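These numbers were taken from a predicted model, which means no experiment stands behind them. Heavy-atom basis, side chains included; hydrogens, waters and symmetry copies ignored.
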Amino acid sequence: MRVVVTGAAGFIGSHVVDAFSAAGHEVLAVDAPGRSPTPDVARRTWARVAARPGVVAAEIDLAAHDLGTVAAADVVVHLAGRPGVRDSWGAGRAVAERDNVLATRRLLASCMGRPARRRPRVIIASSSSVYGSAGRRPNREDDPLSPASPYAVSKVEVERLAGLAARDGLRTVLLRYFSVYGPRQRPDMAFHRFAEAALDGRPLPVFGDGRRTRSFTHVQDVVAATLAAAAEELPPGIAVNVGHAEPVAVTDAIGLLTGVLGVRAEIRREAPVAGDAERTWADTGRARRLLGWTATTGLAEGLADQIAWHRELRALPGGVGGRPPQTGRSEEVRVG
Ligand SMILES: NC(=O)c1ccc[n+]([C@@H]2O[C@H](COP(=O)([O-])OP(=O)(O)OC[C@H]3O[C@@H](n4cnc5c(N)ncnc54)[C@H](O)[C@@H]3O)[C@@H](O)[C@H]2O)c1
């Protein structure tokens with residue numbers, strides 16, 4: 001199978017490329033590492049991705065360049081974009097509109113422009129943030145959407161575009177990822193910030209009171225769901241939750257993380273982020289039925305995996321764990 005993975009220099013995309021490459025597929029890895037909020041991190045991952053067997057790496061800005069080669073595939077897994085709720089309230093908003101909405105529209109147009117029988121299936125990264133906060137039960141895919149940040153709005157728009165393309169016959173699938181963690185997690189994400197702070201002996205910067213709960217999902221589970229979606233013929237335009245069925249409170253996750261590290265850590269409370277859901281909670285029935293998938297990695301095991309990666313980074317000569325590029329409020333973390 002000829003697979004295109006966009007966002008291949010990113011956290012999730014690089015793992016997805018690894019998995020397709022290991023399964024023997026021909027992979028075109030696409031990214032524009034300069035579009036990442038941490039370009040140095042993306043460039044390092046990019047070099048690693050490009051060296052994988054069976055992988056050709058193409059630097060293509062989906063919002064600006066010709067996408068003919070990107071659409072010429074059996075399956076396109078579209079993970080490129082600008083993630084993150086926090087920054088989307090500021091300068092990140094225009095970036096999210098460009099790299100999420102415009103990039104997806106251009107990609108879909110390019111795929112729709114191919115002869116009907118040669119159009120790829122397109123698997124697209126969406127987000128639990130399209131739901132807003134979950135109520136007393138897990139969110140099902142047909143629940144009303146209630147985006148609460150510019151980032152979430154951009155993902156709703158991505159979903160609408162995928163729905164329109166599906167009506168025009170393009171086989172699109174939306175994967176709503178829930179709080180992904182594991183090795184190579186983005187430096188702005190909670191566990192990355194907590195792990196680096198704890199390893200430095202600094203207080204852990206926690207937004208809000210720590211009572212928010214999340215369906216934290218290990219990246220290898222996310223990869224398994226993504227590959228399963230790429231292998232299945234699913235109803236065009238369908239959305240599927242890709243999240244762990246059991247939500248965990250941030251304070252409990254911190255307890256597990258410091259337990260794995262064997263440290264006691266102080267917490268430094270920071271103002272809650274506007275639009276950050278109180279609770280995310282994935283109903284996993286559809287993923288089970290359509291993909292035969294459920295997340296199997298428990299949080300303690302998954303955090304141990306992520307922390308092993310932070311330790312490896314720090315052990316590298318020259319300290320890839322040297323001081324990070326300064327990006328928004330992630331100034332406390334080291335590059336990962
Ligand atoms: N990480 C999570 O917990 C999570 C949760 C829900 C949804 N998602 C979605 O999953 C996808 C991947 O997330 P991630 O955490 O791996 O993010 P990431 O920032 O690590 O990866 C995104 C990649 O997209 C690339 N990119 C951005 N704009 C581009 C453009 N115009 N052209 C080409 N490449 C471009 C970046 O350089 C980066 O390498 C995103 O769409 C994100 O919104 C992630």
Side-chain angles (χ1 to χ4, degrees), residues 1-10 12-14 16-17 19-21 23 25-33 35 49 54-83 95-127 130 141 154-177 222-223 225-240 242 290-291:
M1 188 161 74
R2 180 177 151 80
V3 186
V4 170
V5 179
T6 78
I12 301 173
S14 61
V16 168
V17 171
F20 276 121
S21 160
H25 295 290
E26 187 191 334
V27 182
L28 177 67
V30 171
D31 205 294
R35 299 299 306 165
V49 160
V55 174
V56 172
E59 240 182 273
I60 296 173
D61 179 347
L62 298 173
H65 296 154
D66 181 88
L67 303 184
T69 50
V70 181
D74 300 306
V75 176
V76 176
V77 179
H78 176 44
L79 305 173
R82 173 58 65 99
V95 183
E97 278 164 11
R98 181 190 188 278
D99 290 334
N100 297 346
V101 182
L102 173 62
T104 303
R105 182 172 63 68
R106 293 185 84 248
L107 174 67
L108 291 170
S110 190
C111 295
M112 287 155 74
R114 290 185 58 79
R117 285 183 28 219
R118 294 168 63 193
R119 288 170 161 191
R121 281 186 294 122
V122 188
I123 316 297
I124 301 173
S126 185
S127 162
V130 297
E141 288 84 348
S154 79
K155 285 296 185 186
V156 170
E157 189 60 20
V158 163
E159 293 206 357
R160 288 177 55 195
L161 292 169
L164 293 175
R167 272 173 32 195
D168 195 58
L170 192 68
R171 294 165 298 163
T172 56
V173 174
L174 294 153
L175 298 182
R176 291 181 181 154
Y177 295 147
V222 167
V223 167
T226 306
L227 264 68
E232 292 290 337
E233 201 61 62
L234 298 173
I238 197 164
V240 183
V242 175
L290 294 184
L291 306 177

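Put simply, CG on Leu28 and CZ on Phe20 are 12.5 Å apart, with the number rounded to the nearest 0.5 Å. The CG atom of Leu102 sits 9.5 Å away from the CG atom of Leu62 when rounded to the nearest 0.5 Å. From Asp66, atom CG reaches atom OG of Ser110 across 6.5 Å, with rounding to the nearest 0.5 Å. Rounded to the nearest 0.5 angstrom, Glu159 CD and Ser154 OG are separated by 10.5 Å. Here the straight-line distance linking atom CZ of Arg2 with atom CD of Glu26 works out to 5.5 Å at 0.5 Å rounding.
Two residues are said to be in side-chain contact when any heavy atoms from C-beta on lie closer than 4.5 Å; Val77 and Val122 fail this criterion. Looking only at side-chain heavy atoms (C-beta outward), Arg121 and Val173 stay at 4.5 Å or farther from each other. Residues Leu175 and Ile123 have side chains in contact (heavy-atom distance under 4.5 Å, counting atoms from C-beta outward). Put simply, the side chain of Val49 reaches to within 4.5 Å of the side chain of Ser14, judged on heavy atoms. Looking at Lys155 and Arg176, their side chains never come closer than 4.5 Å, going by heavy atoms from C-beta outward. Between Val3 and Asp74, every side-chain heavy-atom pair lies at or beyond the 4.5 Å cut-off.
Counting only distance, with no hydrogens or angles, the side chain of Arg82 and the backbone of Asn100 share no donor-acceptor pair below 3.5 Å. Using modelled atom types, no side-chain atom of Arg114 and backbone atom of Pro120 make a donor-acceptor pair closer than 3.5 Å. Checked by atom type and distance alone, the side chain of Arg105 never pairs as donor or acceptor with a backbone atom of Ala63 at under 3.5 Å.
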Where do Met1 and Val75 land on the side-chain contact (heavy atoms from CB on, under 4.5 Å) test, with the steps shown first?
CA-CA 8 Å; Met1 188 161 74; Val75 176; 3.8 Å; yes

Would Arg35 and Val95 satisfy side-chain contact (heavy atoms from CB on, under 4.5 Å), going step by step from the backbone distance to the final call?
CA-CA 9 Å; Arg35 299 299 306 165; Val95 183; 3.9 Å; yes

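A side chain to side chain contact (heavy atoms under 4.5 Å, CB included) with Val76 is found for one member of Leu107, Val30, Thr172, Ile124 and no other, namely Leu107. Remark: of the listed residues Thr69, Val4, Asp31, Thr69 is the sole one forming a side chain to side chain contact (heavy atoms under 4.5 Å, CB included) with Ile60. Evaluated for a side chain to side chain contact (heavy atoms under 4.5 Å, CB included) with Leu108, the options Asp168, Leu67, Leu170, Leu164 yield exactly one hit, Leu170.
A salt bridge links Asp61 with Arg98: the closest approach of a Lys/Arg side-chain nitrogen to an acidic carboxylate oxygen falls below 4.0 angstrom. At a threshold of 4.0 Å, the pair Glu233-Arg171 counts as salt-bridged, since one of the basic side-chain nitrogens sits closer than that to a carboxylate oxygen.
The two residues Leu227 and Ala19 have their closest heavy-atom pair at CD2-CB, 3.8 Å. When all heavy atoms are compared, the tightest approach of Glu59 to Ala32 is CG-CA, 4.5 Å. The two residues Leu174 and Ala162 have their closest heavy-atom pair at CD2-CB, 3.8 Å. In terms of heavy-atom proximity, Val27 sits nearest to Ser21 at CG2-N, 4.1 Å. In plain terms, the two heavy atoms of Cys111 and Arg119 that are nearest each other are O-CG, 3.3 Å.
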